[in-house]
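All ligand and atom numbering here is 1-based and tracks the order in the structure.
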Amino acid sequence: MIRSNSLLLCALLLTMFQAAMCQVNLKSVDQVWDHYDRYKEPVITNRFFKHTEVLHLIQKHTTSRFIDAVQIGQSVKGRSINHLKLGTGKTKVLLWSQMHGDESTATMALFDLLNFLAADDEHNELRKLILGNLELNIVPMLNPDGAQQWKRRNDLEIDINRDARYLVTPEGRALMNLAKELKPEIGFNLHDQSTLYAAGPTSNTATLSFLAPAYDYPKSMNEVRKRATQLILTMNTALQTRVPGKIAKYDDAFDPRCFGDTFQGMGISTILIESGGYYVDPEKQYIRKINFYALLNAFESIAKKSYANQNLEDYQSIPENSRSLYDVLIRNVSISKEGIAFRTNLGIVRSQIKSPDFGSMSYNGRIEELGDVELTYGYDEIEASNLTFTPGNIKLMRKSEWEALSPQQELNLIREGYLFVKWTDGTSPAGPLNARLLNLTNKATNTIQSASIGQQAQFLLSRDGKPVYALLNGYVLDLTKNVEAVPNVFGY
Ligand SMILES: [Zn+2]
């Protein structure tokens with residue numbers, strides 16, 4: 001009796017000890033999260049960095065002998081594609097980012113991770129665990145020509161992620177050759193997706209979406225794909241503490257043109273990570289941190305092989321990626337069109353306009369939907385049941401008067417019903433304005449008289465003839481608030 005009691009006690013103590021150990025380890029990745037600013041690569045401050053910065057950062061880590069870097073190919077325009085290697089472990093992991101040139105969020109996170117792994121502080125135990133068990137093989141910015149012009153495709157105008165079979169692109173060939181040479185157990189295919197995806201039919205942004213790609217048309221499951229799925233479940237569990245409800249899964253239809261699907265078939269457990277949107281994070285700097293956290297959790301789990309405890313059935317509970325968001329959704333607004341007055345909804349989407357040097361972005365907001373909307377949401381939403389769509393007026397003034405207008409004066413003009421300025425002594429330039437509220441026009445009258453699909457989102461919402469909101473190139477300005485609260489409307 002005593003014996004079995006002590007056995008029971010032993011078992012209980014062991015369980016408690018294991019739980020405590022687990023707690024300690026879990027805490028360590030979360031403590032890194034708290035210290036993230038130490039590791040955030042300061043050279044990269046926004047999404048539009050180029051190959052030059054990437055080379056500079058690679059050099060920083062090779063000079064300190066933290067990584068080995070080897071050129072594995074060059075882009076169509078002769079820019080180097082580099083393979084960075086670190087860690088002495090048995091499990092080979094291959095990560096590549098930015099095969100689509102305008103999808104840079106994970107590249108930022110990869111350099112933050114390198115800084116973390118190269119540092120020497122209280123997180124050394126986690127570093128030792130990762131670098132002792134994993135061999136990390138990283139190809140940052142696989143498509144440097146695309147990054148240079150902030151575009152998806154390479155300079156042959158081929159989508160590298162549809163080139164896994166033909167291997168026409170030098171960038172795709174470099175990746176395939178590396179994968180065949182390394183034969184990694186695990187691969188991470190790192191992308192960005194539209195910020196207009198939601199996690200299921202909800203208003204939650206799909207901040208990260210995952211996929212363990214299929215390797216055949218019937219979407220079969222084998223040990224290789226199972227491991228990828230279990231790693232996704234591991235990251236999902238951790239991420240729910242940071243971005244609850246904002247993780248989705250991508251459609252798993254097989255596409256043999258894609259690298260993820262092809263690698264899965266080659267025996268590499270491949271995980272697609274798509275960085276999407278997050279409220280008030282247009283530069284994706286918070287999503288960068290989320291990527292860092294997701295990958296660090298994955299590395300820890302690979303090192304411990306703890307992902308094997310994940311139950312595949314839980315994958316069903318991750319919501320589907322669903323394109324159901326607008327930048328702005330105006331509900332139940334009264335509009336008048338073709339002599340008919342009615343109430344409807346307006347979905348507004350802001351499209352990106354590249355600066356001439358591809359180093360920044362401004363935005364052009366347009367009406368994309370007009371009519372009944374179901375299970376769709378907006379980053380900004382206006383309940384406009386008691387509001388009426390009202391065209392803005394054009395204020396005439398001299399160029400010097402326009403240049404002297406303060407933000408408060410601009411706001412006052414908008415409250416009076418003006419949305420445009422026309423210079424009386426010259427022609428105003430086309431293109432985006434920086435930090436202005438009013439738009440410039442050279443037209444005598446405002447052509448935006450009612451809501452139309454494809455039309456610029458530059459109008460007022462009025463109550464009893466008084467403007468309450470202004471839509472400025474697709475950005476919402478609440479006219480009851482101070483001008484200090486206004487976002488930088490025409491890009492940055
Ligand atoms: Zn992509």
*Would you check if the side chain of R79 reaches a backbone N or O of N143 as a donor-acceptor pair within less than 3.5 Å?*
no

*Strictly by modelled atom types, are S80 and H51 linked by a side-chain donor-acceptor pair under 3.5 Å?*
yes

_Residues that N236 engages under side chain to side chain contact (heavy atoms under 4.5 Å, CB included), provided they are two or more places apart_ = Q240, I247, I318

_Test of understanding: with side chain to side chain contact (heavy atoms under 4.5 Å, CB included), list the residues that count as partners of E181, not counting sequence neighbours._
none

_Ignoring waters, how many N, O or S atoms from the protein are under 2.8 Å from the Zn ion (ligand 1)?_
4

*asked:* Taking the basic N atoms (NZ, or NE/NH1/NH2) and the acidic carboxylate oxygens, is any pair closer than 4.0 Å for K151 and D155?
replied: yes

*With H123, which residues qualify under ring pair (Phe, Tyr, Trp, His ring centres under 6.0 Å), at least two apart?*
H35

